[in-house]
Amino acid sequence: MYGRITIDTRGVQGAGLLLSEFSRGIYERLGRNMLPVARQLRSEMQARAPVLTGFMRRFISESQIGTTGVRIGSAASYSGFVNYGTGTNRFKGPRPFFTSVVDTMGPQAFTERFAQESVKYLNELISKYQNGP
């Protein structure tokens with residue numbers, strides 16, 4: 001999914017500085033604000049995870065990676081085999097509790113958050129630079 005943002009900087013005295021600051025700061029700002037989206041996806045993964053003992057479901061977690069990223073994973077070493085299957089007929093086939101959430105909910109959730117944070121950040125910068133640097 002691709003989107004377009006149009007920024008009208010007419011009347012903003014420090015428009016050049018505004019856009020420069022936006023391009024430098026947006027990734028860090030987004031990284032700090034993506035953790036709630038990762039929590040939402042983690043919660044859905046836990047709801048969809050097959051349960052035998054509950055270990056895999058309990059240990060799906062999210063974490064911040066540096067200033068610009070998030071990670072969702074499971075401490076259960078076998079979670080990949082559950083999600084993707086083992087590739088043999090001896091064991092069960094794939095039960096995609098992880099990839100199904102990433103594929104169906106992930107793009108929309110992160111895109112919505114990106115748009116919200118971008119608009120919020122731009123409005124803050126417009127207020128900052130409205131009357132010049």
Side-chain angles (χ1 to χ4, degrees):
M1 172 190 284
Y2 293 95
R4 181 194 308 225
I5 296 176
T6 302
I7 304 167
D8 184 357
T9 58
R10 287 179 287 186
V12 178
Q13 304 263 337
L17 292 172
L18 179 154
L19 294 174
S20 178
E21 187 172 336
F22 178 81
S23 65
R24 284 191 320 269
I26 189 64
Y27 293 106
E28 185 173 335
R29 184 175 176 117
L30 289 172
R32 287 192 316 260
N33 290 290
M34 290 297 167
L35 203 50
V37 177
R39 285 186 186 116
Q40 174 189 358
L41 297 179
R42 183 232 342 122
S43 178
E44 185 63 27
M45 289 171 188
Q46 287 175 318
R48 294 184 188 188
V51 177
L52 185 60
T53 66
F55 178 81
M56 184 176 65
R57 175 182 281 177
R58 249 188 333 274
F59 287 97
I60 299 172
S61 63
E62 77 287 330
S63 59
Q64 185 76 42
I65 305 299
T67 58
T68 59
V70 293
R71 174 185 299 150
I72 306 170
S74 174
S77 60
Y78 54 87
S79 59
F81 294 116
V82 174
N83 186 73
Y84 295 107
T86 60
T88 69
N89 289 333
R90 185 171 169 226
F91 299 106
K92 292 191 177 209
R95 291 172 283 169
F97 68 97
F98 194 88
T99 52
S100 65
V101 172
V102 171
D103 292 344
T104 59
M105 293 178 61
Q108 181 177 350
F110 282 106
T111 300
E112 286 174 8
R113 183 60 138 216
F114 174 83
Q116 291 167 358
E117 290 302 321
S118 295
V119 168
K120 193 170 158 183
Y121 188 37
L122 281 170
N123 284 329
E124 289 172 18
L125 292 174
I126 288 169
S127 293
K128 178 179 176 180
Y129 289 105
Q130 187 71 44
N131 298 315

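Owing to the predicted nature of the structure, the values given are computational and were not obtained by experimental measurement.
- Nearest heavy-atom pair, Ala49 versus Ile60, reported as atom, atom and distance to 0.1 Å: CB-CD1, 4.3 Å.
- When all heavy atoms of Met56 and Tyr78 are compared, the pair lying nearest together is N-OH, 3.6 Å.
- With rounding to the nearest 0.5 Å, the separation of CE in Met34 from CD in Gln40 is 11.5 Å.
- Smallest separation of non-hydrogen atoms from Val82 and Pro50: CG1-CG, 3.7 Å.
- Shown here are the ring-ring contact (aromatic ring centres under 6.0 Å, His included) partners of Phe59, two or more places apart in sequence or in another chain: Phe55.
- One finds the CG atom of Leu122 at 7.0 Å from the CD1 atom of Ile26 (value rounded to the nearest 0.5 Å).
- In this structure, Asn83 contributes its side chain and Ser79 its backbone to no donor-acceptor pair below 3.5 Å.
- Transitive grouping of hydrophobic side chains (ILVMFWY, heavy atoms separated by less than 4.5 Å) keeps Val119 and Phe110 in distinct clusters.
- Contacts classified as side chain to side chain donor-acceptor pair (under 3.5 Å) and involving residues 42-60 (residues at least two apart or in different chains) are given here: Arg42-Gln46, Arg42-Glu62, Glu44-Arg48, Arg48-Ser100.
- Although no hydrogens or angles enter the test, the distance criterion places no donor-acceptor pair under 3.5 Å between the side chain of Glu117 and the main chain of Arg29.
- How far CG of Asn123 is from NZ of Lys128: 14.5 Å, rounded to the nearest 0.5 Å.
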For Glu112 and Gln108, run side-chain hydrogen bond (donor to acceptor under 3.5 Å, both in side chains): C-alpha distance rounded to whole Å, both residues' side-chain angles, the deciding distance at 0.1 Å, then the answer.
CA-CA 6 Å; Glu112 286 174 8; Gln108 181 177 350; 2.7 Å; yes
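- Considering only residues two or more places apart in sequence or on other chains, Tyr121 meets the ring-ring contact (aromatic ring centres under 6.0 Å, His included) condition with Phe22.
- Interatomic distance, Lys120 NZ to Asn33 CG, rounded to the nearest 0.5 Å: 6.0 Å.
- For the atom pair CG of Leu35 and CZ of Arg71, the computed distance is 12.5 Å after rounding to the nearest 0.5 Å.
- Here the closest heavy-atom approach between residue Val70 and residue Ile65 is recorded as C-CG1, 3.9 Å.
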